[in-house]
Engineer: 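Could you have a look at this structure, given as structure tokens, before my questions?
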Amino acid sequence: MNRWTELTGDTSGEDYAARFAALARSGKDMHGEARFCAALVPAGARVLDAGCGTGRVAIRLAELGYDCTGVDVDASMLAVARKQAPGLPWYRTDLAELSVEPEYDLVVAAGNVMALLAPGTEAAVVARLAGALRPGGLLVAGFGLDAAHLPVPPGLTLTEYDAHCAAAGLTPVDRFATWDAAPYDDGGYAVSVHRRGDG
């Protein structure tokens, strides 16, 4: 069982959406991840939101002109995504079993997706995400590395993540401390960009 399901029971979609709606009403910027991705690939690019949750990132990117697909294991989150953007394709899939054509220009895994996978599946998930990329496509993943940035005990390290990426044929492009592209400073959160190396 993945750590997200253990944490939430896959029933938290409405609560999750309500929390982010409240943050948005308070004036907090909710679109840092989408803005980050939009700086990497041009409008019209195909984007896979892996672990899309309620669809916040994919919906914003679609509004900006991207061709977006969302996948998540949590049916309650997908129900919210489908309600908010019924015109976008949303699929219920465990990322360790993801099987799609290598046609995406960018795959994004925001919201601690990598840190909330079932322990031991991280390498398989990275390989599946890499397999969704066209040659030269980018994998972007942001996740916490310490207790202050995670709702579960820390597990995946950056060294392990980079090794999984290398094994999947991905090469490092850059790493940041935030979705606003602040330089990475060995802190407790990292946004990593890797490229499928046969582009």
Side-chain angles (χ1 to χ4, degrees), residues 2 31-74 77-78 81-82 85-118 121-143 156 158 160-176 178-181 184 190-199:
N2 65 70
H31 300 302
E33 301 100 326
R35 195 165 47 249
F36 183 95
C37 293
L40 296 175
V41 291
R46 297 206 67 193
V47 176
L48 178 66
D49 188 352
C52 63
T54 58
R56 179 173 52 85
V57 177
I59 291 169
R60 179 58 179 160
L61 283 170
E63 291 171 349
L64 296 173
Y66 292 84
D67 181 0
C68 297
T69 298
V71 295
D72 203 281
V73 72
D74 186 334
M77 302 286 261
L78 288 172
R82 290 184 179 118
L88 292 181
W90 307 105
Y91 298 102
R92 187 178 184 195
T93 305
D94 187 316
L95 294 180
E97 300 168 2
L98 180 70
S99 179
V100 296
E101 293 297 314
E103 58 192 13
Y104 291 94
D105 301 292
L106 185 143
V107 174
V108 57
N112 281 322
V113 168
M114 296 305 304
L116 293 170
L117 299 171
T121 67
E122 295 90 352
V125 169
V126 171
R128 296 280 184 163
L129 299 182
L133 290 168
R134 64 163 181 78
L138 298 172
L139 172 62
V140 179
F143 58 93
L156 183 65
L158 286 179
E160 291 167 339
Y161 178 70
D162 286 341
H164 298 329
C165 286
L170 301 172
T171 56
V173 174
D174 218 332
R175 175 162 286 143
F176 303 94
T178 68
W179 290 100
D180 292 327
Y184 184 64
V191 180
S192 304
V193 183
H194 287 76
R195 186 183 304 278
R196 181 169 166 175
D198 47 357

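The shown structure was predicted, so the numbers you read here are calculated from the model rather than taken from an experiment. In this chain, numbering begins with 1 at the start of the sequence shown.
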Engineer: Roughly how far apart are Thr54 OG1 and Arg82 CZ, rounded to 0.5 Å?
Structural biologist: 13.0 Å
Engineer: Under a 3.5 Å distance rule, please check whether Arg60 uses its side chain to pair with a backbone N or O of Ala34 as donor and acceptor.
Structural biologist: no
Engineer: Do you know which two heavy atoms are closest between His164 and Ala123, and how far apart they sit?
Structural biologist: ND1-CB, 3.4 Å
Engineer: Kindly indicate whether the side chain of Leu170, heavy atoms from C-beta on, has any atom under 4.5 Å from the side chain of Leu133.
Structural biologist: yes
Engineer: Atom CG in Leu106, atom CG in Leu61: separation rounded to 0.5 Å?
Structural biologist: 8.0 Å
Engineer: Look up atom CG in Asp94 and atom CG in Asp74, then write down how far apart they are to the nearest 0.5 Å.
Structural biologist: 11.5 Å
Engineer: Distance check, rounded to the nearest 0.5 Å: Arg128 atom CZ versus Thr121 atom OG1?
Structural biologist: 11.0 Å
Engineer: I want to check something: taking the side chain as every heavy atom from C-beta on, are Val73 and Leu95 in contact at a cut-off of under 4.5 Å?
Structural biologist: no
Engineer: Between Arg46 and Thr69, is any pair of side-chain heavy atoms under 4.5 Å apart?
Structural biologist: yes
Engineer: Taking Leu98's backbone N and O only, do any of them form a donor-acceptor pair with Tyr91's side chain (distance below 3.5 Å, no angle check)?
Structural biologist: no
Engineer: Are any side-chain N or O atoms of Tyr104 and backbone N or O atoms of Gly137, one a donor and one an acceptor, separated by less than 3.5 Å?
Structural biologist: no
Engineer: Any luck finding a side-chain donor-acceptor pair between Ser192 and Arg175 under 3.5 Å?
Structural biologist: yes
Engineer: Going from CG on Asp162 to NE2 on His194, what distance comes out if it is rounded to the nearest 0.5 angstrom?
Structural biologist: 4.0 Å
Engineer: Would you say that Val193 contacts Phe36 through its side chain, given a criterion of any heavy-atom pair below 4.5 Å between the two side chains?
Structural biologist: yes
Engineer: Quick one, Cys37 and Val47 - any side-chain contact, counting heavy atoms below 4.5 Å?
Structural biologist: no
Engineer: So, Asp105 side chain and Ala45 main chain: donor-acceptor pair closer than 3.5 Å or not?
Structural biologist: no
Engineer: Closest approach of Trp179 and Ala110, non-hydrogen atoms and distance?
Structural biologist: CZ2-CB, 3.8 Å
Engineer: How close do Gly44 and Asp67 get, counting heavy atoms only, and between which atoms?
Structural biologist: O-CB, 4.2 Å
Engineer: Is the closest basic N to carboxylate O distance between Arg56 and Glu33 below 4.0 Å?
Structural biologist: yes
Engineer: So which heavy atom on Ala141 is nearest to which on Tyr161, and how close?
Structural biologist: CB-OH, 3.3 Å
Engineer: Hey, mind stepping through Val126 and Met114 against side-chain contact (heavy atoms from CB on, under 4.5 Å) and telling me if it holds?
Structural biologist: CA-CA 9 Å; Val126 171; Met114 296 305 304; 3.5 Å; yes
Engineer: Tell me the closest heavy-atom pair linking Ala81 and Gly53, and the distance in Å.
Structural biologist: CB-O, 4.0 Å
Engineer: With heavy-atom distances below 4.5 Å as the criterion, would you say the side chains of Arg134 and Pro102 are in contact?
Structural biologist: no
Engineer: Give a yes or no answer on whether the side chain of Trp90 reaches the backbone of Cys52 with a donor-acceptor pair at less than 3.5 Å.
Structural biologist: no
Engineer: Considering all heavy atoms of both residues, which atom of Gly51 and which atom of Asp72 are nearest to each other, and what is their separation?
Structural biologist: C-OD2, 3.1 Å
Engineer: Find the distance between CG (Asp49) and CD1 (Ile59) and round it off to the nearest 0.5 Å.
Structural biologist: 9.0 Å
Engineer: Between Arg35 and Asp180, does at least one N-O distance fall below 4.0 Å, as a salt bridge requires?
Structural biologist: yes
Engineer: Tyr184 versus Leu158: any side-chain heavy-atom pair under 4.5 Å?
Structural biologist: yes
